[in-house]
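Below: the structure, in structure tokens.
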Protein chains: 2
Amino acid sequence: MARPRTFNESEVLERAVALFRSRGFERASMPELTAHLGICRQSLYNAFGDKRGLYLAALDRYGAREIDTKLSQLSTAPSPLQGVQTLVASWADYGAQCPSEGCLTITAIVDSTDDEEARQIVEGHVDRLEKGIRTALKKAQSAGELTPTAQPTRLARSLVTTCYGVGVLAKLPGSTQRVKAAVAEALDRLNSFQP
Amino acid sequence: MARPRTFNESEVLERAVALFRSRGFERASMPELTAHLGICRQSLYNAFGDKRGLYLAALDRYGAREIDTKLSQLSTAPSPLQGVQTLVASWADYGAQCPSEGCLTITAIVDSTDDEEARQIVEGHVDRLEKGIRTALKKAQSAGELTPTAQPTRLARSLVTTCYGVGVLAKLPGSTQRVKAAVAEALDRLNSFQP
DNA sequence: TCTGTTTCAGAACGCACGTTCTAGATCGAC
DNA sequence: GTCGATCTAGAACGTGCGTTCTGAAACAGA
């Protein structure tokens with residue numbers, strides 16, 4: 001009876017993510033969105049309610065995928081500490097990224113301060129990243145990769161802060177060296193707790 | 001012949017800074033601006049050209065004042081190292097700030113990616129902060145407050161990144177502990193280079 | 001084939017925006 | 001007092017926005 005959806009909602013969402021990343025929520029207009037998403041206005045409204053609904057869905061999709069990617073570096077590493085090292089080192093890649101591919105989470109933090117729902121979505125992603133790092137650091141400590149004097153919780157919190165600092169400054173073309181330095185310092189700090 | 005300006009342009013600019021901080025560039029509408037600035041539309045256009053002109057002026061004013069404040073902590077301290085320590089420690093205050101008082105520099109970095117002029121303004125401020133810290137660290141090293149193994153340039157770059165990471169996460173209500181941890185870690189890292 | 005939903009293209013809606021214009025009041029300089 | 005620029009208040013401009021509506025085409029299930 002009912003005709004199933006013909007367009008791929010997941011692909012549409014990914015394209016929305018891309019546009020929101022490069023244009024932001026306000027500047028990404030509905031005409032632009034429909035053009036890049038490959039579906040007409042009406043289908044978009046049927047699927048996501050309105051522009052903000054699409055944005056929240058894109059925000060959640062982006063954050064989940066981003067954090068998944070980061071955390072997978074922890075689980076696939078030979079050891080917990082090496083996992084964190086790999087993860088932190090990978091942040092240096094942000095320095096070489098195209099400015100139009102900035103972190104959507106950071107964008108949302110900055111200009112969705114008055115959108116409680118958006119805030120909760122991004123806060124969830126940040127928390128998840130921090131938790132993943134903290135867990136890995138605790139494992140590393142238990143495994144003897146870190147000295148007992150290391151403070152996994154504090155370290156994890158600090159590393160997350162560095163991560164988002166890198167995410168912001170990477171948007172400034174002249175910050176390549178800053179990003180590299182921040183990553184190098186974070187790694188040195190981490191390694192200073194090795195026995 | 002000519003009648004001098006009656007309103008205080010400096011005060012107007014400060015009020016513009018406050019509104020742009022809490023609302024962002026796009027959301028701060030002209031009616032809102034004229035209401036909060038205490039001058040009428042026409043005067044605003046005469047003085048600043050247009051909305052973007054006012055924004056750039058506010059951005060520059062904010063950044064200059066912000067960096068001035070930070071750097072003054074370096075110059076008034078008993079020693080170069082204590083100056084940096086005081087400066088870094090003060091970033092923890094961001095954690096307790098009202099969300100509507102976020103860093104305008106960060107806002108500009110995030111949603112003025114395609115405004116070359118705005119980008120240059122904020123890049124100048126970031127550079128100035130980094131340079132101030134680097135100079136202080138070099139002085140500290142020369143004075144024997146830091147070991148010869150410390151790398152002032154790299155440290156300064158890393159600290160600036162931490163500063164802006166703190167600035168972003170401070171906008172998330174649940175980040176008080178993260179901000180504190182980042183500051184504490186940065187201080188520990190700094191102090192680890194003391195002879 | 002029929003039926004009912006989805007998709008499409010595009011027109012149309014109301015609204016808020018940044019900006020410009022008009023006209024009168026204000027006030028320092030001459 | 002006169003001149004000329006500045007400030008005020010408010011109407012009005014055009015534009016682009018998000019959204020809704022219209023009607024026809026596409027297409028899966030009965």
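Chain letters run A, B, ... following the sequence lines, proteins first and then strands; every chain starts at 1. Hydrogens, waters and symmetry mates are skipped; everything else that's a heavy atom, side chains included, is used.
- In this structure, the CG atom of B:N46 is 11 Å from the P atom of D:dT8, given to the nearest Å.
- Residue pairs meeting the salt bridge (Lys or Arg N to Asp or Glu O under 4.0 Å) criterion with at least one member in residues 82-97 of chain B: none, sequence neighbours excluded.
- Of the charged side-chain nitrogens involved, none lies within less than 4.0 Å of a carboxylate oxygen, so that B:D111 and B:R27 do not count as a salt-bridged pair.
- Between the side chain of A:E9 and the backbone N or O of A:A47, no donor-acceptor pair lies under 3.5 Å.
- Per the geometry, CD1 belonging to A:I39 stands 16 Å off C1' belonging to D:dA26, to the nearest Å.
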Kindly give the atom pairs (protein nitrogen or oxygen, nucleotide nitrogen or oxygen) under 3.5 Å for nucleotides 17-23 of chain C.
| residue | atom | partner | partner atom | Å |
| --- | --- | --- | --- | --- |
| C:dG18 | OP1 | B:K51 | NZ | 2.4 |
| C:dG18 | OP2 | B:M30 | N | 2.6 |
| C:dT19 | OP2 | B:Y45 | OH | 2.8 |
| C:dT19 | OP2 | B:K51 | N | 3.1 |
| C:dT19 | O5' | B:Y45 | OH | 3.2 |
| C:dC21 | N4 | B:Q42 | OE1 | 2.7 |

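- Of the possible polar contacts, one joining the B:T34 side chain to the B:P31 backbone as a donor-acceptor pair under 3.5 Å is found.
- With sequence neighbours excluded, no residue satisfies side chain to side chain donor-acceptor pair (under 3.5 Å) with B:T135.
- The CG atom of A:L54 sits 10 Å away from the P atom of D:dT19 (whole-angstrom rounding).
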